Each structure stands twice: as structure tokens, then as C-alpha cells.
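Here's the structure, in C-alpha cells; my notes come after.
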Amino acid sequence: MKLPEPPAPAPAGEAHWTVRALLAADTAWAPREHVVAWGQFAVGVRPVPSVPAGAGPVPGEGVITLGPASFDARSGALTAIGGVAVTGLRLDVWRATTDNDDGAAWQTDVRHGSLWRELGLHRMRHRLDAVEVADDALTVRTRVAPAAREFGLSAVYRWTSDGTRLGLTVSVTPEGDWTVPLPRLGVRFGLAAADRVRWYGGGPGEAYPDSATASEVGRWQSTVDEMQTPYVRPQENGARAGVRWAELGGLRVEGDPEFSLTARRWTTEHLDAAAHLTDLTTGDTVWVNLDHGLHGLGSQSCGPGPLPRYFLRAEPTRFSFVLSEVPT
């Protein structure tokens, strides 16, 4: 079937054409208008979010302010954006290993889950090297590495503001001999209160680099609890792929490039330690991951691991976010 040409001119900004094949009549296995298949193609170009440096950082008594944001003057840690409290923002490379990461005992191929643990990627240490206040930016330099190993990551956070929004550019440089791919690469932080989640990107369900065929670009909404996939054994789950922007807990995040979004009521460490779903208890903080990259899932619990093109290799990387408070 020949599809009609998109109308001209193209929509301003990013848009997608979605074509669906629906059942024309009821069947024994699905009702009329059940979606049998669909496809998408992009129309227009997405504007890249950015924050031109305008408002410079202002040192104070134990605090540095930059536009709408507040930072701890000693550590350079972000503490709030407007009225939204933020805690523990830092580079994150670990995920609660999946059954496929851990693989089966009879597997002869490399099982990355056990290798990651052997190398200590589940207990990365974060060392603060410098907090630099310039006229147009706040720069925080750190080193992230497993204990007693001679390899790690140099992570530089550069914060800017135009007075209303906050820009973050993260530059990551591998140091030493990285012989394994990373489980994930992005930032994580905690929000004091979040329930409803809205995003523009892949959905409605979870998607990973090698399991994203069913992820349809659109505007979606959910709750933090509904974003979890309750696997019998608790493990990494719930990422939404190709996210352009997301809103939760009073905070809006835009990504350059697109990112994967995960939000949970427990930390990755708690998820990793749980043996049963009943071991996961909710706290007062919602933990958010904004991932630039994720290692593929593969199927090594019963078959082969991820294809090499889905490996998340340690290499020099830069990614950015624009953060702002959602108007009430």
C-alpha cells in the first residue's frame, strides 16, 4: 500500500507520522480495531535544548547560587532547583544485574554480571577533585572508580544558567585499562516527592538498546509505581528509551542527546540486594536515572549475550541536560 506524502510544510520542531494496521472485524483472539502492527517515521528536526550562560555563580555562606539552583559550596553538590529539593546527583554506572547479565551456570561465554562484580563496578567510589567558580559556570571535577583498581572515570560536571533554567554538561573520560563494557552511563539523583511522570519519547513500556522495537515515540504519562516491571527476581527494569523531555516531582528535564529515563522508590543498591519483590520497601525519596547509555540485555540466561553493537564501551563521552522547575 502506497502511503500518502506528508503535507507541506513540515511541522515546526519534531513530529512523527505513525501508521497502524488495525483489525477490521472482531476475531476469536482480539476485538475489532486491535492494533496488529505499527510503524513510525520522523518529520521535522528536533530543536536541541541548550542554556546560554547568562547568570554566573554567586558564592555565599556555605552555598553557591546559580540562577534558580543552589549548590553546597564545599562539595559542589546540587541541593535545589527553585523549590524542588535534589539530593545525591552524581555519575552512575551500575545497574541491578539482570538474569541475562548474570547468565546461566553452563554458559562458556563471558558473563558480564559476575565480571562487573569481580571488578567492583557495584561499589564505585566518588572522589571530589575540585570545585571551580568562574564568571559564567560552576565546574565540579571528580574521579569515579572501583576500590583497589587501577582504572576509573574522570567525570566533570559543568553547570550554567540563563537565570531561569539550569544547564548541566557531563564530560566522562576513561582512565586506565577498561576491559569490560559499562552496565550504564548517566546521572542519578533523588527527589523528595514524585508520583506522576510525564515524558516525550519512547513508551509506553520499558525499552533497552536491544529490546526497543515496541517503543513508540509519543507523549506518555504514568506513575512511578506503574513504571516498574515486577520481574519475579528483582533486577534492572523500567527504563523508557529515547526520551526528549520528562517531568516529575516538579522538575522538568530535557536531554541532549535523547536519554533513557528510570524512576524508582528505592535505590539501585536496594534493588540489587533484593531477592524477592517483598524485599523492596518504599522510602521518602524517588531515585531518578537519566542515562546516556545502557548495556544491551541479550538473552544469556538461556542463550547468547548481547550483540557487540549493543555493548556500552568505556570511551570519552559528553552529554547534557537542561533542568527547570515546572510552573505550578
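Owing to the predicted nature of the structure, the values given are computational and were not obtained by experimental measurement. FYI, the numbering just counts along the sequence from 1.
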Is the shortest side-chain N to carboxylate O distance from [X] to [Y] below 4.0 Å?
{"X": "E175", "Y": "R143", "answer": "yes"}
{"X": "D136", "Y": "R158", "answer": "yes"}
{"X": "D99", "Y": "R233", "answer": "yes"}
{"X": "R127", "Y": "D129", "answer": "yes"}
{"X": "R117", "Y": "D272", "answer": "yes"}

Requested in this report: Output all residues satisfying salt bridge (charged side-chain N to carboxylate O under 4.0 Å, His left out) with E315, sequence neighbours left out; order by chain, then residue number.
Outcome: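 Listed in chain order: nothing, the list is empty.
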### Task
For T223 and D195, run side chain to side chain donor-acceptor pair (under 3.5 Å): C-alpha distance rounded to whole Å, both residues' side-chain angles, the deciding distance at 0.1 Å, then the answer.
CA-CA 5 Å; T223 65; D195 183 33; 4.7 Å; no
Keeping the roles fixed (side chain from [X], backbone from [Y]), state whether a donor-acceptor pair exists under 3.5 Å.
{"X": "E325", "Y": "G83", "value": "yes"}
{"X": "D101", "Y": "H112", "value": "no"}
{"X": "D291", "Y": "L294", "value": "no"}
{"X": "S299", "Y": "C302", "value": "no"}
{"X": "R244", "Y": "G242", "value": "yes"}
{"X": "N289", "Y": "R188", "value": "no"}
{"X": "W220", "Y": "G201", "value": "yes"}
{"X": "Q40", "Y": "V217", "value": "yes"}
{"X": "D102", "Y": "G113", "value": "no"}
{"X": "Q107", "Y": "Q300", "value": "yes"}

Kindly work out whether a path of hydrophobic side-chain contacts (I/L/V/M/F/W/Y, heavy atoms less than 4.5 Å apart) joins [X] to [Y].
{"X": "Y208", "Y": "V243", "value": "no"}
{"X": "V187", "Y": "L66", "value": "yes"}
{"X": "V144", "Y": "L290", "value": "yes"}
{"X": "F259", "Y": "L191", "value": "yes"}

To the nearest 0.5 Å, what is the distance between [atom1] on [X] and [atom2] on [Y]?
{"X": "H122", "Y": "T97", "atom1": "NE2", "atom2": "OG1", "result": "10.0 Å"}
{"X": "L168", "Y": "Y157", "atom1": "CG", "atom2": "OH", "result": "8.5 Å"}
{"X": "L78", "Y": "F71", "atom1": "CG", "atom2": "CZ", "result": "5.0 Å"}
{"X": "E206", "Y": "Y231", "atom1": "CD", "atom2": "OH", "result": "3.5 Å"}
{"X": "L312", "Y": "H292", "atom1": "CG", "atom2": "NE2", "result": "8.0 Å"}
{"X": "L271", "Y": "Q235", "atom1": "CG", "atom2": "CD", "result": "8.0 Å"}

query: Between F41 and W17, what is the ring plane arrangement, given parallel below 30°, perpendicular above 60°, and tilted in between?
result: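 F41 and W17: parallel rings.
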[X] side chain near [Y] side chain, heavy-atom distance below 4.5 Å:
{"X": "V288", "Y": "L251", "answer": "no"}
{"X": "L166", "Y": "V51", "answer": "no"}
{"X": "R184", "Y": "T262", "answer": "yes"}

Output all residues satisfying side-chain hydrogen bond (donor to acceptor under 3.5 Å, both in side chains) with R111, sequence neighbours left out; order by chain, then residue number.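 Testing R111 for side-chain hydrogen bond (donor to acceptor under 3.5 Å, both in side chains), a comparison that skips the adjacent residues, returns none.
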Exercise for review: Take E236 and R264 through the salt bridge (Lys or Arg N to Asp or Glu O under 4.0 Å) test and state the conclusion after the steps.
Suggested key: CA-CA 11 Å; E236 167 63 33; R264 304 188 180 102; 3.0 Å; yes
**Identified salt bridge (Lys or Arg N to Asp or Glu O under 4.0 Å) counterpart of E247 within the set R196, R219, R198** =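 Of the listed residues R196, R219, R198, the salt bridge (Lys or Arg N to Asp or Glu O under 4.0 Å) partner of E247 is R198.
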### Task
Return the set of residues passing side-chain contact (heavy atoms from CB on, under 4.5 Å) with S222 (not counting sequence neighbours), or none when no residue passes.
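Here the qualifying residues are W199, E226, M227.
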Are W116 and H295 close enough that their ring centers fall under 6.0 Å?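 Ring centres of H295 and W116 closer than 6.0 Å.
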Q. Taking the six-membered ring of W178, is NZ or CZ of R313 closer than 6.0 Å to its centre and within 45° of its axis?
A.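 Ring-cation test returns no.
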